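I have placed the structure first, in the form of C-alpha coordinates, so that the comments after it can refer back to it.
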Amino acid sequence: MTTPAVSIQALCKNYGSVQALKNINLKIEQGEFFGLLGPNGAGKSTLINTLAGLTRPTSGTLEVMGHNVITDYLAARARLGVVPQEIVFDPFFSVREALVFQSGYFGLTKNDSWIDELLTTLKLTEKANANMRALSGGMKRRVLIAQALVHKPPVVVLDEPTAGVDVELRKSLWRFVKALHNDGHTIVLTTHYLEEAEALCDRIAIIDHGELIALESKK
(Lines give C-alpha, C1' and ligand atoms only; values in the text may rest on other atoms or scores of the structure.)
Protein backbone atom coordinates (compact mmCIF):
# COMPACT_ATOMS: atom_id res chain seq x y z
CA MET A 1 0.00 0.00 0.00
CA THR A 2 1.35 3.43 -0.94
CA THR A 3 2.08 5.91 1.83
CA PRO A 4 -0.38 8.83 1.62
CA ALA A 5 1.11 12.17 0.61
CA VAL A 6 -0.73 13.78 3.53
CA SER A 7 -2.40 12.05 6.46
CA ILE A 8 -4.35 14.01 9.08
CA GLN A 9 -6.00 12.23 12.01
CA ALA A 10 -8.28 13.69 14.69
CA LEU A 11 -6.77 17.16 14.23
CA CYS A 12 -8.00 19.84 16.62
CA LYS A 13 -6.65 23.37 17.02
CA ASN A 14 -7.86 25.76 19.69
CA TYR A 15 -7.00 29.41 20.20
CA GLY A 16 -8.19 29.94 23.76
CA SER A 17 -11.91 29.25 23.71
CA VAL A 18 -12.09 29.40 19.89
CA GLN A 19 -11.97 26.02 18.17
CA ALA A 20 -10.39 26.73 14.77
CA LEU A 21 -10.25 23.05 13.69
CA LYS A 22 -12.59 20.37 14.99
CA ASN A 23 -11.56 16.71 14.64
CA ILE A 24 -10.32 16.82 11.02
CA ASN A 25 -9.61 13.43 9.41
CA LEU A 26 -8.17 13.54 5.92
CA LYS A 27 -5.95 11.43 3.63
CA ILE A 28 -4.51 12.78 0.38
CA GLU A 29 -2.94 10.17 -1.87
CA GLN A 30 0.32 10.62 -3.75
CA GLY A 31 -0.21 12.23 -7.16
CA GLU A 32 -3.61 13.68 -6.31
CA PHE A 33 -4.72 17.18 -7.24
CA PHE A 34 -6.69 17.94 -4.11
CA GLY A 35 -8.90 20.95 -3.45
CA LEU A 36 -9.61 22.43 -0.03
CA LEU A 37 -12.59 24.77 -0.24
CA GLY A 38 -14.33 26.96 2.24
CA PRO A 39 -15.26 30.57 2.98
CA ASN A 40 -12.77 33.01 4.49
CA GLY A 41 -12.14 32.15 8.14
CA ALA A 42 -13.25 28.53 7.71
CA GLY A 43 -9.94 27.11 8.96
CA LYS A 44 -8.15 26.36 5.66
CA SER A 45 -5.04 28.40 6.42
CA THR A 46 -4.91 27.10 10.01
CA LEU A 47 -4.86 23.56 8.63
CA ILE A 48 -2.07 24.44 6.17
CA ASN A 49 -0.03 26.22 8.86
CA THR A 50 -0.35 23.19 11.14
CA LEU A 51 0.77 20.89 8.33
CA ALA A 52 3.76 23.15 7.63
CA GLY A 53 4.78 23.23 11.29
CA LEU A 54 4.05 26.95 11.70
CA THR A 55 1.28 26.22 14.21
CA ARG A 56 1.24 23.36 16.72
CA PRO A 57 -1.94 21.28 16.87
CA THR A 58 -3.90 21.11 20.13
CA SER A 59 -4.37 17.39 19.46
CA GLY A 60 -4.19 14.89 16.61
CA THR A 61 -1.45 13.78 14.22
CA LEU A 62 -0.28 15.04 10.83
CA GLU A 63 2.11 13.30 8.44
CA VAL A 64 3.71 14.28 5.14
CA MET A 65 4.86 11.28 3.07
CA GLY A 66 4.75 9.19 6.27
CA HIS A 67 6.79 11.64 8.37
CA ASN A 68 5.19 13.15 11.49
CA VAL A 69 5.27 16.95 11.29
CA ILE A 70 6.25 17.27 14.98
CA THR A 71 8.40 14.26 15.88
CA ASP A 72 10.07 13.97 12.45
CA TYR A 73 9.77 17.58 11.37
CA LEU A 74 12.99 17.85 9.32
CA ALA A 75 11.95 15.01 7.01
CA ALA A 76 8.34 16.25 6.86
CA ARG A 77 9.32 19.80 5.90
CA ALA A 78 11.83 18.61 3.31
CA ARG A 79 8.94 16.89 1.50
CA LEU A 80 6.55 19.83 1.62
CA GLY A 81 6.54 23.13 -0.27
CA VAL A 82 4.02 25.78 0.79
CA VAL A 83 3.06 28.86 -1.20
CA PRO A 84 1.55 31.17 1.42
CA GLN A 85 -1.51 33.31 0.90
CA GLU A 86 0.22 36.51 2.04
CA ILE A 87 3.02 37.99 -0.05
CA VAL A 88 6.04 37.85 2.26
CA PHE A 89 9.55 38.67 1.07
CA ASP A 90 12.94 39.88 2.25
CA PRO A 91 13.39 43.45 0.96
CA PHE A 92 17.19 43.21 0.93
CA PHE A 93 17.56 40.35 -1.57
CA SER A 94 17.37 40.02 -5.31
CA VAL A 95 15.17 37.26 -6.72
CA ARG A 96 18.11 34.91 -7.26
CA GLU A 97 19.54 35.61 -3.80
CA ALA A 98 16.18 34.82 -2.21
CA LEU A 99 16.14 31.43 -3.96
CA VAL A 100 19.76 30.67 -3.03
CA PHE A 101 19.02 31.45 0.63
CA GLN A 102 15.89 29.32 0.55
CA SER A 103 17.95 26.43 -0.87
CA GLY A 104 20.38 26.86 2.02
CA TYR A 105 17.61 26.29 4.57
CA PHE A 106 17.34 22.75 3.15
CA GLY A 107 21.11 22.20 3.01
CA LEU A 108 21.24 22.56 -0.78
CA THR A 109 24.46 24.34 -1.79
CA LYS A 110 24.72 23.42 -5.49
CA ASN A 111 21.22 24.20 -6.66
CA ASP A 112 21.95 26.75 -9.42
CA SER A 113 20.73 24.69 -12.37
CA TRP A 114 17.35 24.02 -10.71
CA ILE A 115 17.05 27.70 -9.69
CA ASP A 116 17.70 28.69 -13.34
CA GLU A 117 15.01 26.24 -14.46
CA LEU A 118 12.51 27.68 -11.98
CA LEU A 119 13.32 31.24 -13.08
CA THR A 120 12.75 30.26 -16.72
CA THR A 121 9.55 28.32 -16.08
CA LEU A 122 8.03 31.07 -13.95
CA LYS A 123 9.16 33.79 -16.41
CA LEU A 124 11.40 35.43 -13.81
CA THR A 125 14.74 35.25 -15.67
CA GLU A 126 14.73 38.92 -16.61
CA LYS A 127 14.06 39.83 -12.96
CA ALA A 128 16.66 37.45 -11.48
CA ASN A 129 18.91 40.28 -10.27
CA ALA A 130 16.14 42.73 -9.42
CA ASN A 131 15.51 43.60 -5.79
CA MET A 132 12.36 41.99 -4.43
CA ARG A 133 10.95 45.43 -3.54
CA ALA A 134 11.01 46.43 -7.22
CA LEU A 135 8.69 43.61 -8.33
CA SER A 136 4.97 43.83 -9.03
CA GLY A 137 2.57 41.84 -6.84
CA GLY A 138 2.20 39.15 -9.52
CA MET A 139 5.97 38.78 -9.87
CA LYS A 140 6.38 38.51 -6.10
CA ARG A 141 3.81 35.71 -6.08
CA ARG A 142 5.82 33.86 -8.73
CA VAL A 143 8.92 34.18 -6.54
CA LEU A 144 6.97 32.67 -3.63
CA ILE A 145 6.11 29.70 -5.84
CA ALA A 146 9.77 29.33 -6.85
CA GLN A 147 10.79 29.44 -3.16
CA ALA A 148 8.29 26.70 -2.34
CA LEU A 149 9.71 24.49 -5.12
CA VAL A 150 13.42 25.19 -4.63
CA HIS A 151 14.02 21.92 -2.72
CA LYS A 152 11.91 19.83 -5.15
CA PRO A 153 9.26 18.74 -2.63
CA PRO A 154 6.90 15.91 -3.69
CA VAL A 155 3.94 17.65 -1.98
CA VAL A 156 3.08 21.25 -2.89
CA VAL A 157 0.47 23.29 -1.02
CA LEU A 158 -0.91 26.43 -2.67
CA ASP A 159 -2.82 28.58 -0.19
CA GLU A 160 -5.16 30.72 -2.33
CA PRO A 161 -2.41 31.42 -4.90
CA THR A 162 -4.64 33.42 -7.24
CA ALA A 163 -6.39 35.63 -4.66
CA GLY A 164 -6.15 39.21 -5.88
CA VAL A 165 -4.19 38.49 -9.08
CA ASP A 166 -5.24 39.54 -12.56
CA VAL A 167 -6.88 37.15 -15.04
CA GLU A 168 -3.75 36.72 -17.18
CA LEU A 169 -1.55 35.77 -14.22
CA ARG A 170 -4.24 33.46 -12.88
CA LYS A 171 -4.32 31.55 -16.17
CA SER A 172 -0.53 31.30 -16.33
CA LEU A 173 -0.43 30.04 -12.71
CA TRP A 174 -3.06 27.43 -13.55
CA ARG A 175 -0.94 26.22 -16.50
CA PHE A 176 2.14 26.02 -14.32
CA VAL A 177 0.36 24.13 -11.53
CA LYS A 178 -1.12 21.65 -14.04
CA ALA A 179 2.41 21.02 -15.40
CA LEU A 180 3.67 20.43 -11.83
CA HIS A 181 0.91 17.90 -11.29
CA ASN A 182 1.70 16.17 -14.58
CA ASP A 183 5.32 15.87 -13.39
CA GLY A 184 4.10 13.75 -10.46
CA HIS A 185 3.75 16.31 -7.66
CA THR A 186 0.87 15.98 -5.23
CA ILE A 187 -0.94 19.33 -5.26
CA VAL A 188 -3.12 20.67 -2.45
CA LEU A 189 -4.97 23.83 -3.46
CA THR A 190 -6.93 25.95 -1.02
CA THR A 191 -9.34 28.33 -2.68
CA HIS A 192 -12.76 29.88 -2.38
CA TYR A 193 -13.13 30.14 -6.17
CA LEU A 194 -15.39 27.28 -7.19
CA GLU A 195 -14.39 27.51 -10.85
CA GLU A 196 -10.74 27.13 -9.88
CA ALA A 197 -11.40 23.92 -7.95
CA GLU A 198 -13.61 22.62 -10.75
CA ALA A 199 -10.99 23.30 -13.43
CA LEU A 200 -8.06 21.78 -11.56
CA CYS A 201 -8.94 19.35 -8.75
CA ASP A 202 -9.77 15.63 -8.77
CA ARG A 203 -11.15 15.43 -5.22
CA ILE A 204 -12.47 18.22 -3.02
CA ALA A 205 -12.90 18.73 0.72
CA ILE A 206 -15.03 21.53 2.10
CA ILE A 207 -14.25 23.07 5.48
CA ASP A 208 -16.65 25.37 7.29
CA HIS A 209 -16.34 26.70 10.85
CA GLY A 210 -13.36 24.39 11.39
CA GLU A 211 -15.24 21.21 10.45
CA LEU A 212 -14.89 18.96 7.42
CA ILE A 213 -18.40 19.00 5.98
CA ALA A 214 -17.78 17.29 2.61
CA LEU A 215 -15.13 15.08 1.03
CA GLU A 216 -15.93 13.77 -2.44
CA SER A 217 -14.61 13.36 -5.96
CA LYS A 218 -15.35 16.33 -8.19
CA LYS A 219 -18.23 14.50 -9.85
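Only this structure's heavy atoms are used, side chains among them; waters, hydrogens and symmetry mates stay out. The shown structure was predicted, so the numbers you read here are calculated from the model rather than taken from an experiment.
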Item to check | CD (Glu216) with more than 12 external heavy atoms under 6.0 Å | outcome: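 No, the 6.0 Å shell around CD holds no more than 12 heavy atoms from other groups.
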
*Exceeds 12 heavy-atom contacts within 6.0 angstrom, atom OH of Tyr15*: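 Counting neighbours around OH of Tyr15, more than 12 heavy atoms of other residues, nucleotides or ligands fall under 6.0 Å, so yes.
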
Side chains of [X] and [Y]: does their closest heavy-atom pair fall under 4.5 Å?
| X | Y | value |
| --- | --- | --- |
| Leu62 | Leu11 | yes |
| Lys44 | Glu160 | yes |
| Val177 | Leu189 | no |
| Leu158 | Leu173 | no |
| Gln147 | Leu99 | yes |
| Thr61 | Gln9 | yes |
| Leu149 | Leu180 | yes |
| Val150 | Leu108 | no |

Verify the cluster assignment for [X] and [Y]: are they in a single hydrophobic cluster under the rule of side-chain heavy atoms below 4.5 Å apart?
| X | Y | value |
| --- | --- | --- |
| Val188 | Phe33 | no |
| Val6 | Ile204 | no |
| Val100 | Tyr105 | no |
| Val156 | Ile8 | no |
| Ile115 | Leu144 | yes |

Holding to ring pair (Phe, Tyr, Trp, His ring centres under 6.0 Å), I want the full list of residues that pass it with [X], two or more places apart in sequence or in another chain.
| X | value |
| --- | --- |
| His185 | none |
| Phe93 | Phe101 |
| Phe106 | His151 |

Approximate separation, where rounding is to 0.5 Å, of [X] [atom1] and [Y] [atom2]:
| X | Y | atom1 | atom2 | answer |
| --- | --- | --- | --- | --- |
| Phe34 | Asp202 | CZ | CG | 10.0 Å |
| Asp183 | Lys178 | CG | NZ | 14.5 Å |
| Thr121 | Phe176 | OG1 | CZ | 6.0 Å |
| Leu124 | Asp116 | CG | CG | 12.0 Å |
| Gln19 | Lys13 | CD | NZ | 11.5 Å |
| Phe92 | Met132 | CZ | CE | 13.0 Å |

- For Thr190 and Asp159, does a side-chain donor sit closer than 3.5 Å to a side-chain acceptor?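 A donor-acceptor contact under 3.5 Å links the two side chains.
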
Can you name the nearest heavy-atom pair linking [X] to [Y], along with the distance?
| X | Y | answer |
| --- | --- | --- |
| Met65 | Pro154 | CG-CG, 4.1 Å |
| Gly66 | Thr3 | N-CG2, 3.5 Å |
| Lys127 | Val95 | O-CG2, 3.3 Å |
| Asn111 | Ser103 | ND2-OG, 2.9 Å |

Quick check: does any side chain N or O of [X] sit under 3.5 Å from a backbone N or O of [Y], one acting as donor and the other as acceptor?
| X | Y | result |
| --- | --- | --- |
| Lys218 | Cys201 | yes |
| Arg79 | Val64 | no |
| Gln102 | Ala148 | no |
| Arg96 | Ala128 | no |

For a quick test of your reading: what N or O donor-acceptor pairs under 3.5 Å do the side chains of residues 48-59 make, sequence neighbours left out?
residue : atom : partner : partner atom : Å
Asn49   : ND2  : Ser45   : O            : 3.4
Thr50   : OG1  : Thr46   : O            : 2.6
Thr58   : OG1  : Asn14   : N            : 2.7

Donor-acceptor pairs under 3.5 Å, side chain of residues 205-214 to any protein atom, not counting sequence neighbours: which ones?
none

Enumerate donor-acceptor pairs with a distance under 3.5 Å from any side-chain N or O in residues 69-77 to protein atoms, sequence neighbours excluded.
residue : atom : partner : partner atom : Å
Thr71   : OG1  : Asn68   : OD1          : 3.4
Asp72   : OD2  : His67   : ND1          : 2.6

Report task. Step by step, work out the side-chain contact (heavy atoms from CB on, under 4.5 Å) result for Lys123 and Ser172. Result -> CA-CA 10 Å; Lys123 297 184 171 57; Ser172 78; over 6 Å; no

side-chain contact (heavy atoms from CB on, under 4.5 Å), that's the test. Do Thr191 and Leu200 meet it? Break it down for me. CA-CA 11 Å; Thr191 183; Leu200 297 168; over 6 Å; no

**Study point:** side-chain contact (heavy atoms from CB on, under 4.5 Å) between Lys140 and Leu135, worked out
**Key:** CA-CA 6 Å; Lys140 283 178 186 144; Leu135 301 184; 3.9 Å; yes

ask   = Charged N to carboxylate O under 4.0 angstrom, Glu29 versus Arg203?
value =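 No.
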
